[in-house]
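Here's the structure, in structure tokens; my notes come after.
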Amino acid sequence: MNTVAFDFSHLIEKLVMEAVRTVGITDGFNADVKPADPRFGDFQANGILPYAKAQKRNPRELATAVLEALKKNPLVADGSITVEIAGPGFINFKLQPKVLSAWLDDYGSMAALEKESSKLLGGQNIVVDYSSPNTAKQMHVGHIRSTVIGEAICRLLAFCGANVIRDNHIGDWGTQFGMLILAIKTEKADLGKIEGDAIAELERLYKKGSAMAKDNESDLERARQELVKLQNGDPENMALWENINAISYRSFDEIYERLGVHFDKVLGESFYRDKVDEVYGELTESGLAQMSDGALVVFHEEHPRFNTQPFIIRKSDGASNYATTDLATVLYRVREFHPSQIIYLTDARQSDHFEQLFLTVKKWFEKKNISMPWLRHVTFGTILGEDGKAIKTRSGESVKLKDLLSEGVERAFRIISEKNPDLPESDRRQIAEVIGVNAIRYADLMQNRSSDYLFSWDKLLSFEGNTAPYLLYAVARIYSIFRKVNAVPAVAWKAAAPLETEQELALARKLIEFPVALSQSLQDLRPHFLCSYLYELSGVFSTFYNQDKVNVEDLAVRTKRLSLCAGTLLVLKTGLNVLGIPVLERM
RNA sequence: GUGGGUGUAGCUCAGUUGGAUAGAGCAUCUGCCUUCUAAGCAGAGGGUCGUGGGUUCGACUCCCGCCACCCGCGCCA
């Protein structure tokens, strides 16, 4: 049985709202509770000021009235929470040490944290469409964001109680196959007998086919023919296509394995190829789509741009495109998974496409009386090269994801070997794998996803400051403490001395903010809020670690500090797990 | 042309939706390893928040104008 609230900002908001009601305010009031600067308290309610302004009342007087009402609340009356007014009318709240330790006791296990957090989304089905590489090409640095941010969002949603369907919408049915098959046939390449890196060989063949088609009109025509044959189910080309996909999937899985990413559904665009006729039919029949220059398109009359900028759902040559399969995919997902939300992770350049898609689906579903899930386009910025321009897929210069990960692991291995030469090499290799891969992952997660970022080896592989190694280091030091005292990490607040030192209190106060950071990340699906929180928590822990020795003679003090360590470990582990990052017991 | 994004310390970035003295990391400088892992800790310097107006008790945050860069805009995904 829990003795204190999980999310104190909610609790305090409730207190304020109750107090406000007793002074006669019934509506139009927003408590606006947020974590406070430690100088002022643990939380602050700023809502008095805007309300007083709107009502033309004196904020200080109003705050005083609310304060008097707050004092009647049992938690304030018994001294668990102290309240005061500051400045023009801020209300500051400070939690007493016993309340902090009560929280740490109530929520001292991952199960307890997850149980509370899962109330946020309570079992709704959410489809997340992320990663989505194209077959016949290697995953490159540009795929990091969708994959890593997408995975973190899936884990965040799942931790907050959603039933997440991870769907990798592979690009396996595009125009690239005509040129690729052309090159394969020209070289008489045997896909079953490629030596070495098969996916790299496919990529070479694709580039060759692409160059052939570009230089020579008849080759371009041949490529088109190969594509048509494939789309008509020609056995030879189908066999090639299946082989190409098998090779591609193997290379994707290598990356996903390293990143710990596992999909529930891997339905490529090809999966929808027999479902597009229904889309043409329904959109035409319902009057949403019309012919224009030989193509089937959707205009949105009420929209200032999409009234003239078409959403092309069938090309003039009769072939389907991205828009078609996306429409068919929404319908399939709604029928199959009954989601409350469908979330797409792609870079921001596709905003128009998704806006048009969502508008079209909305009207389509209204006509067909299908309930509309919340369609969300979660965008992220572009990864830029040194020249400030987007790293291009076909430039041949793009950094392969595989190489990036290997470089990260290599660098990590050198550092570990230098810092900790006594560890056996196999241990150092394992540790390096976790640190290298997750330094890269974290570098992507820790910044606000909407901005572009400059690709730089040093940045992605940095091991200092706000990085995964810093967080993992804090975790490793906690494990080390428990090894030293020969105990397993667990909280034991009943036997602990009261929280006392500045560092102990600062750490406890940081720990109880976990639910706030979690909700903040969830609200806009921005993992960087959680990263910032975990980084700050690690910083507060490091200060505590340097100031307050844990392994001391006084048993009650030692128990308290060990409990703080266990609590910190728990929150770090849980938070990192939400981000998709495993922890290490030593490094 | 039009729509969107970005602009905060030398560099790379945060800034919880209008709150209290704008914060980190890197780089520079000063201290701290016989004591639980120094990938760490304590501290110093470094800012006209692109720019000009406006709104108000209060603006990096909201509104308007301007500048710079990036991206999208009919058969790629």
Side-chain angles (χ1 to χ4, degrees), chain A residues 9 32 34-37 39-40 44 46 49-50 52-53 59 86-90 92 132 134 171 173-176 269 292-297 304-306 308-317 319 321-323 325-326 346-353 355 379 381-382 384 388-390 393 412 415-416 418-420 435 446-448 450-454 456 458-459 462-467 469-470 472-474 476-485 516-517 519-521 523-524 526 528-529 531-533 535-536 538-539 542-543 545-547 549-552 561 565 586-587:
Chain A
S9 68
D32 190 19
K34 51 189 69 170
D37 187 309
R39 283 171 304 188
F40 307 126
Q44 54 178 294
N46 299 336
L49 290 147
K53 179 157 99 180
F90 303 114
N92 291 332
S132 314
N134 294 330
W173 200 241
T175 45
Q176 71 264 37
E269 287 167 346
S292 172
D293 293 344
L296 189 61
V297 309
R305 278 180 301 124
F306 302 148
T308 53
Q309 182 181 322
F311 188 50
I312 299 173
I313 64 170
R314 190 179 59 208
K315 299 192 285 182
S316 52
D317 66 3
N321 67 3
Y322 189 30
T325 43
D326 274 358
T346 81
D347 72 84
R349 289 178 293 192
Q350 297 183 36
S351 298
D352 273 2
H353 168 79
E355 204 181 324
T379 62
T382 312
L384 308 173
K389 303 253 169 134
T393 318
I415 292 174
I416 295 155
E418 182 192 315
K419 306 265 182 202
N420 219 337
I435 292 179
M446 57 80 76
Q447 63 188 341
N448 191 333
S450 16
S451 10
D452 292 350
Y453 77 78
L454 216 65
S456 119
D458 287 338
K459 183 185 166 82
S462 170
F463 294 166
E464 284 178 328
N466 188 2
T467 63
Y470 179 84
L472 292 172
Y473 186 64
R477 294 210 287 194
I478 295 171
Y479 274 112
S480 176
I481 290 170
F482 283 101
R483 277 195 301 273
K484 270 289 195 292
V485 301
V516 181
S519 321
Q520 204 184 344
S521 266
Q523 175 160 1
D524 251 347
R526 294 187 188 272
H528 80 284
F529 286 121
C531 294
S532 298
Y533 167 75
Y535 176 58
E536 286 165 16
S538 300
S542 292
T543 303
Y545 178 91
N546 275 274
Q547 296 280 329
K549 187 158 168 70
V550 175
N551 192 9
V552 292
R561 293 188 180 163
C565 287
R586 65 178 85 227
M587 62 185 268

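First the proteins, then the strands, lettered A, B, ... as listed; each starts at 1.
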Original post:
Side chain of Tyr322(A): nearest nucleotide among C75(B), U2(B), A77(B)?
Top reply: A77(B)

Subject >> Chi-based syn or anti call at C69(B), which uses purine or pyrimidine torsion atoms and a 90° bound >> reply: anti

**OP:** Round to the nearest Å and state the distance from Arg586(A) atom CZ to C36(B) atom C1'.
**Re:** 14 Å

Subject >> Under-4.0 Å side-chain N/O to phosphate OP1/OP2 contact, Thr543(A) with A42(B) >> reply: yes

Original post:
CD of Glu418(A) versus C1' of A38(B): gap in Å, rounded?
Top reply: 12 Å

Original post:
Touch check for Ala86(A), heavy atoms < 4.0 angstrom, all strands: base, sugar-phosphate only, or nothing?
Top reply: base

Original post:
Is there a Watson-Crick or G-U wobble partner for C66(B) with both distances under 3.5 Å, and which nucleotide is it?
Top reply: G50(B)

**OP:** Just say parallel, tilted or perpendicular for the rings of His353(A) and Tyr322(A), cut-offs at 30° and 60°.
**Re:** parallel

**OP:** Take atom P in C70(B) and the same atom in C75(B), then report the distance between them in whole Å.
**Re:** 23 Å

Original post:
Got a donor-acceptor contact below 3.5 angstrom from the Thr379(A) side chain to the Asp347(A) backbone?
Top reply: no

Subject >> Whole-angstrom distance between G43(B) and C49(B), as gauged at atom C1' >> reply: 26 Å

**OP:** Measure the shortest side-chain to side-chain distance between Ser542(A) and Tyr473(A) over non-hydrogen atoms and say whether it is less than 4.5 angstrom.
**Re:** no

Original post:
With the sugar-phosphate defined as primed atoms, P, OP1 and OP2, and the base as all remaining atoms, what B/S/- string results for nucleotides 8-19 of chain B, 5' to 3', for protein heavy atoms under 4.0 Å?
Top reply: ----SSSSBBBB

Original post:
Quick one: on RNA chain B, does Asp347(A) or Tyr545(A) contact a more 5' nucleotide (nearest heavy atom)?
Top reply: Tyr545(A)

Original post:
Any donor-acceptor pair under 3.5 Å joining the side chain of Ser292(A) to the base of G74(B)?
Top reply: yes

Original post:
Which of the following nucleotides, U21(B), A39(B), G74(B), is nearest to the side chain of Ile415(A)?
Top reply: A39(B)

Subject >> Which residue lies more 5' along RNA chain B, comparing Asn466(A) with Ile435(A) via nearest heavy atoms >> reply: Asn466(A)

Subject >> U8(B): syn or anti, per glycosidic angle within 90° of 0 >> reply: anti

Original post:
When you compare U34(B) with C26(B), how far apart are their C1' atoms, in angstrom units rounded to a whole number?
Top reply: 32 Å

Original post:
Looking across every strand, which nucleic acid part, if any, lies under 4.0 Å from Ile416(A) by heavy atom: base, sugar-phosphate, or nothing?
Top reply: base

Original post:
Asn546(A) has an atom CG; how far is it from atom P of A38(B), in whole Å?
Top reply: 8 Å

Original post:
What integer number of Å spans the C1' atoms of C73(B) and U12(B)?
Top reply: 32 Å

Original post:
Side chains of Asn134(A) and Gln176(A): is there a donor and an acceptor less than 3.5 Å apart?
Top reply: no

**OP:** Applying side chain to side chain donor-acceptor pair (under 3.5 Å), name anything that partners Ser462(A), two or more places apart in sequence or on another chain.
**Re:** none

Original post:
To the nearest Å, how far apart are Asp37(A) CG and U21(B) P?
Top reply: 10 Å

**OP:** Take the protein atom CG of Asp352(A) and the nucleotide atom C1' of C76(B), then report the distance between them rounded to whole Å.
**Re:** 15 Å

Original post:
What interatomic distance, in whole Å, is found between C1' of G23(B) and the corresponding atom of C60(B)?
Top reply: 12 Å

Original post:
How close or far is atom C1' of G72(B) from atom CD of Gln309(A), stated in whole angstroms?
Top reply: 8 Å

Subject >> Pairing partner (Watson-Crick or G-U wobble, both distances under 3.5 angstrom) of U55(B) >> reply: none

**OP:** Classify the side-chain pair Ser456(A)/Asp458(A) by whether it contains a donor and acceptor separated by less than 3.5 Å.
**Re:** no

Original post:
Is the backbone N or O of Ile312(A) less than 3.5 Å from a side-chain atom of Asn321(A), with the two atoms forming a donor-acceptor pair by type?
Top reply: yes

Original post:
Looking at Tyr535(A) versus Tyr470(A), is the centre-to-centre ring distance below 6.0 Å?
Top reply: yes

Original post:
Roughly how far apart, to the nearest Å, are G18(B) and A59(B) at atom P?
Top reply: 13 Å

**OP:** Output the distance between atom CD1 (Ile478(A)) and atom OH (Tyr545(A)), rounded to the nearest 0.5 Å.
**Re:** 10.0 Å

**OP:** Would you indicate what Asn551(A) reaches in the nucleic acid, counting non-hydrogen atoms under 4.0 angstrom: base, sugar-phosphate, or nothing?
**Re:** base

**OP:** Test for a donor-acceptor pair under 3.5 Å between the base of C75(B) and the side chain of Ser316(A), counting only N and O atoms.
**Re:** yes

Subject >> Complement of G40(B), any strand, by Watson-Crick or G-U distances under 3.5 angstrom >> reply: C32(B)

Original post:
P atom, G45(B) versus G10(B): distance in rounded Å?
Top reply: 15 Å

**OP:** When you get a sec, tell me which of G40(B), G74(B), C36(B) is the closest nucleotide to the side chain of Ile481(A)?
**Re:** C36(B)

**OP:** Provide the Watson-Crick or G-U wobble partner of U21(B), both distances under 3.5 Å; none if there is no partner.
**Re:** none

Original post:
Of the nucleotides A27(B), A77(B), C75(B), which one has an atom closest to the side chain of Glu269(A)?
Top reply: A77(B)

**OP:** Considering only atom P, compute the distance from U2(B) to A77(B) and round it to an integer number of Å.
**Re:** 30 Å

**OP:** Would you classify Gln350(A) as touching base, sugar-phosphate or nothing, given that sugar-phosphate means primed atoms plus P, OP1 and OP2, and contacts are heavy atoms under 4.0 Å?
**Re:** base

**OP:** Considering non-hydrogen atoms only, spot the tightest contact between Pro59(A) and Leu49(A) and give its length.
**Re:** CB-CD2, 4.0 Å

Original post:
Just to confirm, is there a sub-4.0 Å distance from OP1 or OP2 of A77(B) to any side-chain nitrogen or oxygen of Arg349(A)?
Top reply: no

**OP:** Looking only at side-chain atoms of Tyr535(A), point me to the closest of A20(B), A24(B), A77(B).
**Re:** A24(B)

**OP:** Check whether any side-chain heavy atom of Tyr533(A) lies under 4.5 Å from a side-chain heavy atom of Gln520(A), and answer yes or no.
**Re:** no

**OP:** Please work out if Ala476(A) contacts a base, only the sugar-phosphate, or nothing of the nucleic acid, heavy-atom cut-off 4.0 Å.
**Re:** base

Original post:
Now, which nucleotide makes the Watson-Crick or G-U wobble pair with G1(B), with each of the two distances under 3.5 Å?
Top reply: C73(B)

**OP:** Please report, rounded to the nearest Å, how far the C1' atom of U35(B) is from the CD atom of Gln547(A).
**Re:** 14 Å

**OP:** Could you tell me the separation between the CZ atom of Arg39(A) and the C1' atom of U21(B), rounded to a whole number of Å?
**Re:** 6 Å

Original post:
Within less than 4.0 Å of OP1 or OP2 of U35(B), is there a side-chain N or O belonging to Lys484(A)?
Top reply: no

